[in-house]
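Letters A, B, ... are given to chains in the order of the sequence lines, protein chains preceding strands, and every chain is numbered from 1.
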Amino acid sequence: MKKIIANKEYTTLLRDKRFKIMGGLIASLLLVALLGGFASYRSLKKERDLAQKEARETWLNQGEKNPHSAAHYGSFAFRPKSEMSFFDFGVDSFTGTNVYLEAHRQNNPKFSAAQDSSSLIRFGEMTVAFVLQLLMPLLIIFLCFNSISQEKEDNTLKLMLSQGVSMSQIAWGKIQGFSKALAWIIVPALLLTFVLILIGTEGSLSADLLLRFALTLLAYAIYFFVFISLSVVISARAGSSRNALLSLLGIWVLACVILPKATTNIGASIFKAPSNFEFREAIHKDEENGIDGHNPSDKRFEALKKQVLTQYKVDSVEQLPVNFDAIAMQEGEKYSTMVYNKHFDRMENIYQNQNSVAAYSAILNPFMAVRNLSMGMAGSDYKTALAFQKYAEKYRYEMVETLNTHMRDFSKTGDWEKKADASIYAKIPDFDFKNPSIISVLRQNWVALLALLIWIILCVRMVSNLKNISLS
Amino acid sequence: MLQAKNLTKTYGEQTALNSLNLTINEGEIFALLGQNGAGKTTTINCFLGFIQPSGGSASINGVSVAENALETKKYLAYIPETVMLYPNLTGIENLEFFSSLAGFSYGKEELSSFLSTAGLQKNAHNQRVGGYSKGMRQKVGIAIAIAKKAKALLLDEPTSGLDPKASNEFSEILRELAQNGTAVLMATHDIFRAKEVANRIGIMKEGNLVSVIDAKEISANELEKLYLQTV
């Protein structure tokens, strides 16, 4: 019974001009977004891989110099493009792409794509995710808003019911038929996405990536199912096709435009983040006065000196077999990093709280659920950008530490002239950042996962409960 | 075949149908006359199970509609006032769709012969319904009813908006169906058509079935007079 209705719905939809024109439009938008996104992904990936390689070569071939000078000379870390980021740019365009790694300073990633673009980028980019998350629901609404209301108006609903079909069978059949027709648009786009992923990874597809792709598919399938069944249910319950369309468009504006902006703004106003200036000031103050405010840097320096002298059982730094300057610098590095991490964690907490308002709104709003999951899976979310920043900071610390330790052991206090062998640079490993695993992405987005599950159950119930609707 | 026992439907204070008792036997055509809001459509909707009666019962082939709505659908066919159908499907495809919903799987030729029986010209069978006239769509509706081989046929003002020729053809088909044993309940405003085709005619007013007349015993003019007196 369902199948008969589904087939009829599918046939009539394929013959429908609305479907041909709008479907064709969306399909071509998807194609453009996919190819455009992939082209920019490839060129960015190439650029960054090359830049990383050059930075590494410059680092390795900087010639003999004092190790601490090398730490000041520093290096650059470039954030690699995630393999699926061409599918969903997420916040990639607004997060920094590279960090300058140097001694004494924890720099932020800089040079986001948005910095290089006109302010038009604020209006959103043409990505596959944009088309799937915002335009696809609109297409679904325009195709389905009158799916049942029109049948009421034309008396065909009564005719169908008089043939011995139940209302929920009709609704399920329609949902099935619409899904089948929409598959003509979505499936080719996703197949192309998969092919592009294969090209992008040169065929070396990891299980992690495959799982990310599969989960992305699942999230979007649920998202579209929610919109299709919501449209059919509202079409059945609305007094007229006109009312159904207005209600559905209202829901779309609320879910896809107003709520995401509102929840983000609410998050930002409840959990106020300090400005970058305040952030740096607070770190500076803590470094000067000590983390508790009672341990200024000169006192710390004296304490360290005393401790080192006792440790080596000597009276002055000149008698030390090691370079005390290096020890002091490393101690300073350790302290400033500790202070920086403390403040950074606080900031991260604030941002996390800000984002959580929007994340929790996913329970009410499937758009938020699919948006967060999609960029999480694509590795273009805020969390991945943060992971890069943390990894870069850790790398920087270890780089400086290695150099300071080397300086401590091979020269004496006050000797700033002795040059280290160039081979020391190779002791610092390659900068090799990997995206957080899918498990951590899922853990981060459990609300979104739960929300999608709730929405499936809700929609199934709403459709199955379509019994006593008015027939005129 | 079609039976209403004290069938009543109230909406709050308003009584749409008041204790209707009516039996329509196999092969009989019963026409319901009455003004808009007299309760004709309510009666049909009760038999279709689209409306839950407030009291009494409607049954088809001895099966109560309220209790076994899906089973009673097997015995009945229904043609609404305006049959819009699906404009993107051809006549045959529309018929095929509705027949298969009722559980029939006819071949193309059988479907085509149903359409011909209903009076639809052959060259229209494979054209999309979007280009059909109202009369042609009505014929597809009749074909849907014929293809269901139902024991009871419910019609809600089936001839409104049809030209006299189409209307006349329609009466012919109804008579044929009745001859084959179908019980027909038809709500109509067309006094002349009612007299022409029906065996019995009932006149309704404000939810009550006021009078039932044998169609053979009254002329069209007398029927009109009676109707005007009643309502």
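- Side chain of Gln163(A) to main chain of Phe98(B): a donor-acceptor pair is present (N/O by atom type, distance under 3.5 Å, no hydrogens or angles).
- Residue Lys73(B) comes nearest to Leu161(A) through the heavy atom pair CD-O, 3.1 Å, listed as atom of the first residue, atom of the second, then distance.
- Leu159(A) and Pro80(B) get closest at one heavy-atom pair: CD1-CD, 3.7 Å.
- With Tyr78(B) as the aromatic partner, Lys158(A) does not meet the cation-pi criteria of under 6.0 angstrom to the ring centre and within 45 degrees of the ring axis.
- Judged by distance alone, the side chains of Glu151(A) and Tyr86(B) do bring a donor and an acceptor atom under 3.5 Å apart.
- Among all heavy-atom pairs drawn from Leu76(B) and Ser162(A), the shortest one is CD1-O, 4.0 Å.
- Counting all heavy atoms, side chain and backbone alike, Met160(A) lies closest to Leu101(B) at CG-CD1, 3.5 Å.
- Ranked by heavy-atom pairs under 4.5 Å with chain A, the list Thr82(B), Leu154(B), Val83(B) is led by Thr82(B).
- A pairwise comparison of heavy atoms in Thr12(A) and Asn88(B) identifies O-ND2, 3.3 Å as the closest pair.
- Using a 4.5 Å cut-off between heavy atoms, Glu93(B) touches chain A through its side chain atoms alone.
- Heavy atoms of other residues, nucleotides or ligands lying less than 6.0 angstrom from CD of Glu206(B) number 12 at most.
- Neither the backbone nor the side chain of Thr72(B) comes within contact range of chain A, judged by heavy atoms closer than 4.5 Å.
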- Given the rule in the side-chain contact (heavy atoms from CB on, under 4.5 Å) test, do Leu89(B) and Lys8(A) qualify, once you have shown the distances and angles that lead to the verdict? CA-CA 9 Å; Leu89(B) 298 182; Lys8(A) 175 235 134 197; 3.7 Å; yes
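- Contacts of Leu14(A) with chain B are absent, with no heavy-atom separation under 4.5 Å from either backbone or side chain.
- Annotation for Arg18(A): atom CZ counts as buried by contact number, over 12 foreign heavy atoms lying within 6.0 Å.
- For Lys180(A), the NZ atom sits in a packed shell: over 12 heavy atoms of surrounding residues, nucleotides or ligands are nearer than 6.0 Å.
- The contact list for residues 45-67 of chain B toward chain A, using heavy atoms and a distance under 4.5 Å, reads Asn45(B), Leu48(B), Phe50(B) by residue number.
- Within a 6.0 Å sphere centred on NZ of Lys20(A), heavy atoms belonging to other residues, nucleotides or ligands number more than 12.
- Neither the backbone nor the side chain of Asn7(A) has a heavy atom closer than 4.5 Å to any heavy atom of chain B.
- Contacts between residues 132-152 of chain B and chain A, counted as heavy-atom pairs separated by less than 4.5 Å, involve Ile144(B), Lys148(B).
- With chain B as the partner, the residue from Ile5(A), Val165(A), Thr156(A) showing the most heavy-atom pairs under 4.5 Å is Thr156(A).
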